[in-house]
Amino acid sequence: MTGNSLPVCGQGGADEALLTVRGLRVVIDGLHILHGVDLDVAPTGVTALLGRNGAGKTTTVKAVMGLVPRTGSIVFAGTELSGLPTHLVVRQGIGYAPEDRGIFAGLTVAENLRLAERDGAPAYRLVHELFPELKQRSGQLAGTLSGGQQQMVAIGRTLLNGNRLIIADEPTKGLAPKIVAEVADVLARVAESVPVLLVEQNLAFVRRLGGACAVLADGRTAHRGDTAELLADEAAARRLLGVGSRRPAGGSAVPVTTEVAL
Amino acid sequence: MIVLLVAPYSALPVPGLLDGSLGSPGSLQLIALCLVYGALATGYDLLLGRTGLLSFGHALYFATGLYATDLAMLELGFPFLVAALFGVGCSTALALLLGSVSLRVTGIGFSMVTLAFAQAGSILIQRNPGGVTGGEEGRAAPADLLPGSLVGIENTANLYWIALAYLLLTLALVRWTVSSPTGRVWEGIRENERRVEVLGLRPYGFKLVAFVLAGGLAGAGGVVYLLLTGGAAPQAATSDATLALLVMVVLGGSGTRWGPLLGGALYTWAAHRLGDLANSAAIADLPAVLRVPLSQPLFLLGTLFIAVVYVLPGGLAALPARIRAARTGSAAAAHTPEGGSA
Amino acid sequence: MANPASAADPVPAVTATGDPVPAVPATADPASAAPVPAGAAVAGAAAAGAVPVLRLRGLGWSVRGVPIVEDVSFDVGEGEFIAFIGPNGAGKTSLFNLISGIHPASHGKVELDGADITSEPVHARARRGLGRTFQTSSLWSGMTVADHVRLAAQAAAGPMASYRIWRRAARYAGQVADTLERTELAHRADTLASALSHGEKRKLELAVLLVSDPRLILLDEPMAGVSAEEVPALTALIRSVHRDLGRTVLMVEHHMDVLLGLADRLAVMHHGTLLALDTPAAVMADTTVQQAYLGEAL
Amino acid sequence: GTAGTTAADGASGTKSPVKVGLVYSKTGPLAAYGRQYLEGFKAGLDYATKGTGAVDGHKIEIAEQDDAGDPAKAVSGAKDLIGKGYRILAGSTASGVALQVAPIAAQNKVLFISGPAAADKVTGLNKYTFRSGRQSYQDIRTAASFIGDAKGRKVTVLAQDSAFGQANVAAVKAVLGAQGATVDAVLAPPSATDLTPFASQAKAAKPDLLFVAWAGETASALWTSLSQQDVFASTKVVTGLDLAASYPLFGPAAEKISFLNHYFGGAAGTVVEKAMADSVTKAGAKPDIFTPDGFTAAQLVVHAIEANGGSADDTAALVRALEGWSFDGVKGRLTVRAEDHALLQPMFQVKLTGSGAAARPTVEKTLSADQVAPPIAAIAG
Amino acid sequence: MSTVVLLICTGLGLGALYFLIASGLSLIFGLMDVLNFAHGALLSIGAYATWWAGTEGGLGFWPAVACGTAIGTLAAVLLELVLIRPLYSRPRDQILATVGVGLAVPALLTGVWGADSRPFLQPPELSGTVHVLGAIVPANRFVLMAAAAVLLLVLRLFLGRTRYGLVVRAGVEDRAMVTALGIDVRRAFTLVFAIGGAAAALGGALGGLYFGSVHPGQGTSLLIFAFVVVVMGGMGSVTGAAVASAAVGLVQQFANYYTAAGLGDLSVVVLLAVLLLVRPRGLTGRLA
Ligand SMILES: Nc1ncnc2c1ncn2[C@@H]1O[C@H](COP(=O)(O)OP(=O)(O)OP(=O)(O)O)[C@@H](O)[C@H]1O
Ligand SMILES: Nc1ncnc2c1ncn2[C@@H]1O[C@H](COP(=O)(O)OP(=O)(O)OP(=O)(O)O)[C@@H](O)[C@H]1O
Ligand SMILES: [Mg+2]
Ligand SMILES: [Mg+2]
C-alpha cells in the first residue's frame, strides 16, 4: 500500500544507529508475519515503534530478541544478532519488558528481580529509588500484584543490569491513567542514560516522550521520522495510524483528562 | 471400506502385512481385532479429542463389558444375547456412577481419579473375589451358551462381521452425537469450559453424557472382544490397556473422524505382527547388537511410536494435510509473500 | 486497607430498599473516605418501589485472609449503565467475578431481580440472564465465528435444547446472521477465532453475549488492547446494546473518554472498596478520585 | 471352510507333512519357561522320530505362535493355526492361556497338549485336552511327603492371594487336611512388595510345616524376609524349586529349605533324560525345569500320529491313541490317565547345597507316580 | 505392639522407596511440566546398572550404587537432550515420547538380560536386622529412609537456595521470558532432568536392595505409585511428595496386613480418589 520507498526524514540516520534492522522477515507456521521491516534505534533518547493492531510491532521486537524465527540483518553495536539465541542476545546488553509484562506469577517480587541479575553489581539502588513500592512488596507473590506494580517489576528488571538498550513493548497497556503518567516519567528518566525502543498505542504517551519513530503497517516499515513531526501532520497520522489528533469519542461534555484513551 | 466388506471372501495373500490370505481365519481374526480396537479408540476419542477429557481409566469399562458378559453366562447361565445386554448395561451403569463422581474434579485431578477407579477395578479382577473372575487366569467363555454360528474356526467370518458392525456403529454414533446439539457443547467444553458455563450451561452434565456414552461403547467393545478371544483375561483391565488406547488415539490423530480408527488398527496390527517380525529368521541372523533389541516386539513398538511422534505430529490423520501444506508451502515460498498476515 | 467496621458487620446499615440513591459504604480510612456528595437521582436508576435488576449488599471476597473485595453495596436499576474505574488491582475484575459467580462470595449478598443468587453457580446465574465478557478474550479458539454464535444461541434456548443428543444441531441461521450483521462480523463467519484480530475478538465476545440476550451485561475492559482506530466502532456497538435494546450494563474500562460518553453513573473502586458511585461529572470533579486514579493529566 | 491336509497320500514319493502348532510364550514374563519348553520339544521330536523328524515318512512341520503370556493373544494365535489346517496344538506356558485355548481346541475338535501350565483345572477340562507337565496337586502331594504322618500336625501355607496361591491353599487343605493335619494360610497380596510382616506372621503361627507357594518377582524379597525373621530355626519350610536361574534368589536360606521339585537337569537319571540332555546340550542349551514338558509333548504328539499311520486328521483317533498310554519319559515311567488325561509322573524331594550362584540341587528322594497321583477329575464336555 | 512397630518401620521404608522414585518425578513433572512416563525406565536402568557393576564389574556395593546412579543420570541427560528438548513446544508429544521410551527400555533390558529376576548383591552390613521394640526390622529399610531424608534435604536446598531452582520454577511458567532475561534455560532444564534421573536411578539402585532382585518391569510397576504420590503431594511440591510417600507406604502396609484380602493397593487408590475429590490440588494445594 505505502510502497517500498521509505521516506527517511529528520535525524536518526543509519550510520550512527545503535541498533540497525534491515529486511527483517518472520514466518510462523507458514504465515508470513513480517516481510521487510527496517528500523534504526538512535544511541540516545526514545525511539518509538508505532502502528495499528496487528501491524507486527510485537513481532518485530520479539524477532530482535530471538524469540521468534527470523531472517534478515539485525546489527547491535557492531554485532550481528540474527543468528544468536535469545539469552546471548540479552547478554549483548539488551533489557526487554515484553507486552504481557512477562512476570513470573509464582515467584516473589524479589525473586523476579533476582532472576534478572546478570552481572556482578545489580543496580538495586536505582530500581528501588524509582519504584519504592517494589522494595516494600519484595516478599509478595508477583501474581497478586496489581497491573501497575507488575509493570514496575518488568521495567525494573531491565534497569538492574548495565544495559545498553531497553526495549519496552506497550508498557501502558491496561494501566490506570495515573500509572500511565508515572510510567511515562520513569521512561523519560531512563532514556536520559539508556536508549529506549518503545512500542506504544497510546499516542499521548509517545508524544510526551518524543524522539524518533518508525511506523509499521502490514508487516513492513511504512514510515520513519521524527515523532513530533508525524503526530503534528494530521494527514500522515491518519494514513499511518488510523487516527488524527482528534477529540474524545462519545461527545461527552465532561472535560476529559486529554488523550489517555487513544 | 469396500476392502473391509469383501475381506472374508478374498483369498488374496497380503505378504508382510498378514500371515496368510486375507480371508483366512487367522487374518480375519487379526483384522477383526484391529477393527475392535479402532472402534474402541474412536469411542475413547469422544472423551479425549471431542470433549477434552483425559481419562486414564477407560479400560475399566471395556473390562466391565467383557467380564460382566462372560460371568453372566458362566455364573448366571444367561444366554449370550441377554448376557451381552447385561454387560453393556453394567458398563454403562458403572460409567454413570464413577463418571458422576470423578467429573466433580477437573484437569489432572480428573485423570488421576479415573486412574484410581480403574486401578481398583483391575485389582479386584486380579484378586479373584469369590473365585468369580478367575484372577490372573481369567475365565473362558462357555461355548455351549454362545450361538452356534459364533463358535468354531469356520465361523470366524461371522465374528468379523460383528466386529465390523461394532465399528460402524461406533463411527456412526460418534459422528452423529458430535454433530448433535450436545456435540456442539462438547466442542465448547474442550476449547474453554469456563466460557460454556458463562452461557448458562453446566459442563458437568454434558461431560457426564460423553463419559457414559464412551463407557457404554467400550462395554460393547468388551462384548465383541469376548466373542473374538473366547474369554476374559485380566490384561484387559490394566492401566496399560488405557495407555494403549491413548497411544492409539494420538497415533491416529485425536479429534478427527478417522484418526483414532486408523491409530487403533495400526497399533493392534503392529502389536501382533511385530512379534512375528521380531521372531523372524532375518532377525535371528543379525549380529547380537541388532538382534537383541529387534527381537523384542515391545521395543519395536516403542521405537516406532517415538518415530511417529517425531515425524508425524498430529497423528496419521494429519498426514494428508501435512503433505499438502508441504507442497503449497514450498510453492508459496517460491513466490513473494504478498498475502501476508491474516 | 482492612476495614474493622465492615468486618464486624458485613452488611452495613443500608438505605431502605428502593432508595434511588446508591449506597456508598463509609470507609475506615478517613483520608480516602471523603464520600462523594450523594448524587441526585440518576437517569435510568430504579424508580422508587421497583425491584432493582442487581442489588449487592456487603459483598466481599478474600483470599487466604487477604481481603480483595470489601463490603460493596449498591443497586442497579433497569436499563442503567454503570462504568467502573479504579487503579490496577482495585478489585474491579474480582467484583465482576463475584457477581457472575466465578468466585464464591466470602460474605454479603447478590440479588438479581429480587432473587438471592449469592450461592448459585455460574451457569445458573447465566440462565437468569446474566451475561459477561472477560478482561482477556475468552473464546473457543478452535471454533469458527459462526460456531461461537450458534453455540451461544443454542445455550440461550435452555439447557434441555443442548441435551438433544439424538438430534442434529440446529443452524440458528437467522439469529446467527442477525448477530453477525449487528457486530460487523458477517464477513468473518467462517474464520477460526484464533485467527481474528484483537478488535474482532472483542466484537465476537460481544456477539456471543448478544445472541443469548441477557438482561444484565458485565463487560470487563472491552477496549483493552484495541487500537485507537477500532475504538469508535466498538463504542457504538456497546451504545446500541444499551440504548436500542435497553439492556442494563456494567462495564470496567480505563478509556475515560469512551465511558464518559456511555455511562449514566460512574463507580470508582479503590483497594477493594467502592470509593464513589455517582454521575460522571460529580465523580470526575472529586479530588480523591483525581488522586487515586487519574493522577496528573497526561 | 478349512481344507484338510489330506491332499497327498503315501502313493506319491513325498508324503504329506503333518502340521503341529506351538502356542507358547516366546516373549513376555514367561519367556524363559517358553524357551525351555521349545528346546525340550525339539529334543523330544528328535528322540521320538529317531532323528528323522518324520513319522512313516510324513514330515512333522512345526509352526510357532507367541502368546506373550496373554490369553487373548494365545487364542488369536491358536485360531490362526487351526484356520491354516493345524489339527494338533501344544504349548501354553501360562495357566490362563491353557484354560482359554483348551475350549477353542475343543470347539474346533483339534488335539491340544498343554505345557508347563500347572493349574489343576486343565486336567479333565475337555476330551481334546492333554497335558505334558505336572500339576499343582502333584506339587502338593510331594510337599506333603515331607511331613510324614500328618495327623495332629500343623501346616501353614504362605502364598500370594492369587488364583495360583488360592489353588495351592485349597490343594493343601484337601491333601493334608484329609490326613488329619490342621491347615491354615497366610495370604499376602500379589502386589505387596514388603513381605516382612507376612514372614513374621507365618513365624508367629508356629507351624510344623510351612509350605510356601510363591511365584513372581518378589520371591527374593520373601526369602530374605523369612531368613531375617528367623523362620527356619523353628519350622520346616517347603517350597517348589523353580528354574536354575532362580536358585540364587533363595539367598543364604537355600540350604535350609526342603524343596519339592518337578524336574531339574540331572534329577531323573534315566536313559531318556540322557538323550534329552545330549540333544539339548548340542543345541547350546541346558536342561531345566520345563525342558521335559516340551520333550514329553513331542513324545505324545509323535505317538498319536504314529498310531494313526502318519495322519492327524482324525482327532478322535488321536485322542484314543493317547488315552491310557504309558511310556518311558524323561522323569521315568509316565502314564496318560485315560479317565481325565492327567499325566501321572514321579516327583522329587530336593536339597540345595551352597548358596547364591554356587547353589546346586541334589535329589533326596524320588516319589513314584502313584504316590503323587492327583484324584481323578470328571471330564467335562 | 511389635507388629505395629514392624508395620510402621516397614511402611516408612516402603514410603522412602516411593519417595526416591516420586521425588524425581515430582521435580520433572512439577517444575518442567513433563509427565515423564519414562521415569520407570530410568529407575530400571539405574537398578540394572548397579546390578551389573556389582556382579559383572565386581565392584563393591556402594561403588556399584554410585556407578548405577551415574549411568542412570547419564541416561536421563540423553533422554532430555535427544527426545524431550526438541519437543518443548509440543507438551503432549513429550508425554507420548516418554511413553515410547517407557515401552522400549524394559523390552530392551528383557532382550539383554531376560525377563527373570536377577539376584541383587546384598552387602553383609546391610542385610542384617535391627531389633526395635520387639520387632525385627531389616536394616536396609533404615538405609532407604536415610537416603530419602538426605534426598529431600538436598532437593529443598537446590530449589530454595540455588539460582537453578529459581530459573526452573520461572522457566515452567514462561520459558521464553527466562531466556529473555539472558538465561540459558535449556541448560537448567537439562540439569533438572539429570537430577530427577539421578534420583530415579538411586531409587532403582536402592530398590534392588529392597527387593533383593532386579527385573525389567520393576521400575514401571513402581511408577504408578510414584504418580499417586506426586499427585497426592500436590504436583511439584517435593515436601508434599515426601509426606504423601510416607502416608501411602504406611497405609499400604497396614491395609495389606490387617484387611482380610490384603487391600493395600485398593486402599491407596481409594485414598487418592477421596483426597482429590476433597482437595483437588493435593495435600499442599499447589497446582501443576
Ligand atoms: N505465533 C503467531 N502465530 C500466528 N500468527 C501470529 C503469531 N504472532 C503474531 N501473529 C500475527 O501476526 C500479526 C502481527 O502481530 P503483532 O503481535 O506483532 O502485532 P502488534 O503490532 O504488536 O499488534 P498489537 O497492537 O495488537 O499488539 C497479527 O496479525 C498476529 O495475529
Ligand atoms: N486468586 C488471587 N489470589 C491472590 N490475589 C488475587 C487473586 N486474584 C486477584 N488478586 C489480587 O486482587 C487484587 C484485585 O484484582 P483485580 O483483577 O480484581 O483488579 P482490577 O481492578 O481488575 O485491576 P486491573 O485494572 O489491573 O484489571 C489484585 O491486587 C490482585 O493481585
Ligand atoms: Mg503488540
Ligand atoms: Mg481487571
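Computed over heavy atoms, backbone and side chain alike; hydrogens, waters and symmetry mates excluded. The sequence lines fix the lettering, A, B, ..., with proteins before strands; numbering per chain opens at 1.
Under the 4.5 Å side-chain criterion, counting only non-hydrogen atoms from C-beta, E:T190 is in contact with E:R85. No side-chain heavy atom of E:S267 sits less than 4.5 Å from a side-chain heavy atom of E:Q252.
When only modelled atom types and interatomic distance are considered, E:S44 and E:Q218 share no side-chain donor-acceptor pair under 3.5 Å.
Heavy atoms of B:S239 lying under 4.5 Å from chain E belong exclusively to its side chain. Both the backbone and the side chain of B:V101 have a heavy atom closer than 4.5 Å to some heavy atom of chain E. Looking at E:L83, the atoms closer than 4.5 Å to chain B (heavy atoms on both sides) sit in the backbone and in the side chain alike. With a 4.5 angstrom heavy-atom cutoff, B:F305 touches chain E only via side-chain atoms. Heavy atoms closer than 4.5 Å to chain B are found in the side chain of E:P86, but not in its backbone. Looking at B:L115, only its side chain comes within 4.5 Å of chain E, counting heavy atoms on both sides. Looking at E:V274, there are no atoms closer than 4.5 Å to chain B (heavy atoms on both sides), in backbone or side chain. Contact annotation for B:S254: only side-chain heavy atoms (C-beta onward) come within less than 4.5 Å of a heavy atom of chain E. Heavy atoms closer than 4.5 Å to chain E are found nowhere in B:L304, neither backbone nor side chain. With a 4.5 angstrom heavy-atom cutoff, B:F110 does not touch chain E via any of its atoms.
Among E:V99, E:T98, E:V105, E:I224, the residue with the largest count of heavy-atom pairs under 4.5 Å with chain B is E:I224.
One finds a salt bridge joining B:E75 and B:R139 here, because a Lys/Arg side-chain nitrogen approaches an Asp/Glu carboxylate oxygen to under 4.0 Å.
Here the straight-line distance linking atom CZ of E:F254 with atom CG of E:L7 works out to 4.5 Å at 0.5 Å rounding.
Ring geometry, B:Y61 versus B:F211: the interplanar angle exceeds 60°, so the pair is classed perpendicular (tilted spans 30 to 60°). Note on ring orientation: taking the six-membered ring where Trp is involved, the planes of E:F37 and B:F56 are perpendicular (angle over 60°, cut-offs 30° and 60°).
Here the options are E:V229, E:V230, E:L155, the test is side chain to side chain contact (heavy atoms under 4.5 Å, CB included), and the partner is E:S23; only E:L155 passes.
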